[in-house]
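So the structure is just underneath, and the comments pick up after that.
Just so it is clear: chains get the letters A, B, ... in the order the sequence lines come, proteins before strands, and each one is counted from 1.
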Amino acid sequence: MTCGTLRHENIGEEVVLRGWVNRRRDLGGVIFIDLRDRYGLTQIVFNPEIAPAVHEAASGVRAEYVLAVRGIVRERPEGTRNPKLATGDIEVEAHGLQVLNEAQTPPFEITQTADIDESVRLRHRYLDLRRKRLQENMVLRHAIVRAMREHLSDRGFIEVETPTLIKSTPEGARDFLVPSSSFAGNFYALPQSPQQMKQLLMVAGLDRYFQIARCFRDEPQRADRQPEFTQLDIEMSFVQESDLMRLMEDLYLELTERYSNKRIMTTPFPRLTYREAMDRFGNDRPDLRFGLELKDVSDAFLQTQFQAFAQTLATGGQVKAIVVPGCAGFSRREIDELTEVTKRAGARGLATFAVEASQTRSPIAKFLSEDEIAAMTSGISAQPGDMVMAVADEPAVVARALSALRDNLGQRLNLADPDVLAYCWVYEFPLLEWKNEESRWDATHNPFSGFLEEDAHFLESDPGRVRAKQYDLVGNGHELGGGSIRNHRRVDQQRVFTLMGYTAEDTNVRFGALLEALDYGAPPHGGIAMGIDRYVMVMANEDTIREVIAFPKNQRGLDLMFEAPDSVGLDQLGDLGISIEPELRVQLWNTERQ
RNA sequence: GGAGGCGUGGUGUAGUGGCCUAACAUGCAGCCCUGUCAAGGCUGAGAUCGCGGGUUCGAAUCCCGUCGCUUCCGCCA
């Protein structure tokens, strides 16, 4: 029996309910207590004329006490029913009360819905988890993960667990290292993902694998990044990009339909090449719920006398613009704020043009000819009443600045409908990118991604041009997951490693097991890894993944409840052969616990 | 590593140079109250305004530094 089950038809039954005191209303005579558990609220009545001793006991009860109440389900008197409660037609007339535990006044109100300082919430996460918001998020997360398991199991996938103690591979994110007393001086690493393991499962012939996999990356936190997070990890043999996309599309359609009230914007999910996404949105994970696309207006200024534009164009830069419909009347303050947004993203400035029927007003109008301005506005079909906002710089900066501007405008103008989920695929990412600091090519995604056969001849001559068989699923501007078709022949994999500057010795040390396995009849295979935390966050309309993780760490990666990480004793360190530099012997925690 | 925002009773906020002896709501404590459900009424406790320094006759308020939280960039194969 729970606090959410009793209804009209239970009237007259004797029941026992257990739960927490949500609220107590002591009217002097009769006392009402709303008893709460995961399933709901039930009003308990303590009537001094029916059970005086029980009533007396109830007057000492406080919020969050844990009670067991024995009583009889009664119909509520006419006019006192509560339509806001599922159990609002009835109440339980208490005949017995047992206080299972008392409770201190909590540091924040369990029933409060307003935002509470997150540090306080994290320090007492078990109380935060008592609140409706997080309980609903946990239930949603469970339902989604369960549906993922069922969906894939029904299609012949098997769930395989892979180890958490593995070998460090210094590529990509920083590893969390784990020492062991058996091998003092050597370290395991926690997996950044089960990437190599799942590929080896394909070599093994377990052609459809999935796992709800915990991944660890020792990198700075973000609203959607935690040092440990969970992925739906998938790998399949004998497939192409489109097979993976279709599989995930089916799954995410089902999840969205079953577990949210959101309308899917477009099905099948639009597919954008990386190039197209960058051109149109300046971003490889565009929020497609609204337009405000980027337009290249460089052509209008090829002959311009305006130095800022002319010089940018002469040095391989570009001028791109966003047309903001109906916003010619942006205030000075709004324009300043938007300029600040683009500046923070690296732009030197933001050129604005308020298009009016008779003229176009702009702070830089005096530097430009009327023809240039007209060529620009007509080229992008700006109408009277529109605001045109432009950035001139090298392409990467333009993309970053206008993408930030676009997101800000979307928010500011309420263009992103929270009831819509706009999925899309972004594919054909570049295989490699040039790392200036290291003076070498590096994988943009993971080093095992295959490349398009038609681009293979560029591999040595123009590596930046080679497109990978790689795809990301994007939803409402969040990267929900990504994957690729892998190199299943050693020679191809070796070719990529060589480009990345690894010697045969390097690759043998780092990826020896995988490379060797490719020599033993590795089938063509590919896969994808979907971020579960991020997806649940989107489905739950939360702004951070901390709201969908039971015990998250804060932005610095600290666990405020358990107070981790923490120093350890010298004896423990001694077993591991580890000594700590004196300047690092700092006390992280000085909380006084009761 | 860099940039922005925030920091005032337990919680959420107001106060942006003197009217602050710091306000409001909620929570908490006590009293009153027999049909409430965000119960109501009365009374009360509770903050040296993150910390340190400075400017000023005077600082929650301005300046500098510092710490914490948070968002973003870098980073995240």
Atom pairs under 3.5 Å, N or O on each side, protein against nucleotides 72-74 of chain B: can you list them with distances?
from, atom 1, to, atom 2, distance (Å)
C72(B), OP2, Ala223(A), N, 3.2
C73(B), OP2, Arg222(A), NE, 3.3
C73(B), N4, Arg222(A), NH2, 3.4
G74(B), N7, Arg222(A), NH2, 2.8
G74(B), O6, Arg222(A), NH1, 3.0
G74(B), O6, Arg222(A), NH2, 2.8

Tell me whether the count of non-hydrogen atoms from other residues, nucleotides or ligands lying under 6.0 Å of CZ in Arg332(A) goes above 12.
no
Looking for any heavy atom pair under 4.0 Å, which part of the strands does Thr444(A) touch: base, sugar-phosphate only, or nothing?
sugar-phosphate
Taking any heavy-atom pair under 4.0 Å as a contact, classify Ala114(A): base, sugar-phosphate, or nothing.
nothing
Geometric cation-pi criterion, Arg510(A) with Tyr502(A): 6.0 Å, 45°:
yes
Just to be sure I understand the rule, does Thr544(A) reach a base, reach only the sugar-phosphate, or reach nothing, if contact means heavy atoms closer than 4.0 Å?
sugar-phosphate
Sort and list the pairs that fulfil salt bridge (Lys or Arg N to Asp or Glu O under 4.0 Å) and have at least one residue in residues 86-97 of chain A, not counting sequence neighbours.
Arg74(A)-Glu93(A)
May I ask you to verify if any side-chain N or O of Lys343(A) is less than 4.0 angstrom from the OP1 or OP2 atom of A3(B)?
no
According to a strict under-4.0 Å criterion, is Arg123(A) in side-chain N/O contact with OP1 or OP2 of U11(B)?
no
By side-chain hydrogen bond (donor to acceptor under 3.5 Å, both in side chains), which residues pair with Thr444(A), not counting sequence neighbours?
none
By side chain to side chain contact (heavy atoms under 4.5 Å, CB included) - contacts of Glu136(A) (at least two apart)
Lys132(A)
Residue set satisfying side-chain hydrogen bond (donor to acceptor under 3.5 Å, both in side chains) with Asp128(A), at least two apart, ordered chain then number -> Arg121(A), Arg125(A), Arg131(A)
So which nucleotide does C24(B) pair with, by the Watson-Crick or G-U wobble rule with both distances under 3.5 Å?
G12(B)
Under 3.5 Å on both distances, the Watson-Crick or G-U partner of G52(B)
C64(B)
Heavy atoms within less than 4.0 Å of RNA chain B: which residues of residues 471-494 of chain A have one? Give them sorted by number.
none
Could you tell me if Arg467(A) sits above the aromatic ring of Tyr427(A), with its cationic atom closer than 6.0 Å to the ring centre and no more than 45 degrees from the axis?
no
The side chain to side chain contact (heavy atoms under 4.5 Å, CB included) partners of Leu165(A) (sequence neighbours excluded) come to Val178(A), Tyr188(A), Leu190(A)
Can you list every pair that meets salt bridge (Lys or Arg N to Asp or Glu O under 4.0 Å) and has a residue in residues 550-560 of chain A, with sequence neighbours left out?
Glu228(A)-Lys553(A)
Which atom pairs link the protein and nucleotides 23-25 of chain B when you take only N or O atoms and keep those under 3.5 Å?
none

Can you tell me the base-pairing partner of G40(B)? Count Watson-Crick or G-U wobble geometry only, both distances below 3.5 Å, and say none if there is no partner.
C32(B)
Hey, can you tell me if Phe562(A) and Phe551(A) have their rings parallel, tilted or perpendicular (30° and 60° cut-offs)?
tilted
Quickly work out the Asp117(A) CG to C49(B) P distance and round it to whole Å.
18 Å
Treating primed atoms plus P, OP1 and OP2 as sugar-phosphate and everything else as base, which nucleotides of nucleotides 27-36 of chain B get B, S or - for protein heavy atoms under 4.0 Å?
SSSS--BBBB
With sequence neighbours excluded, residues passing side-chain hydrogen bond (donor to acceptor under 3.5 Å, both in side chains) with Ser403(A):
Asn283(A)
Aromatic contact, Phe429(A) with Tyr471(A) (centres under 6.0 Å):
no
Does C76(B) have a Watson-Crick or wobble partner in any strand here, with both distances under 3.5 angstrom, and which is it?
none
Sub-4.5 Å side-chain heavy-atom contact between Leu515(A) and Phe497(A)
yes
Once ring-ring contact (aromatic ring centres under 6.0 Å, His included) is applied, what residue pairs with a partner in residues 20-63 of chain A remain, sequence neighbours excluded?
none
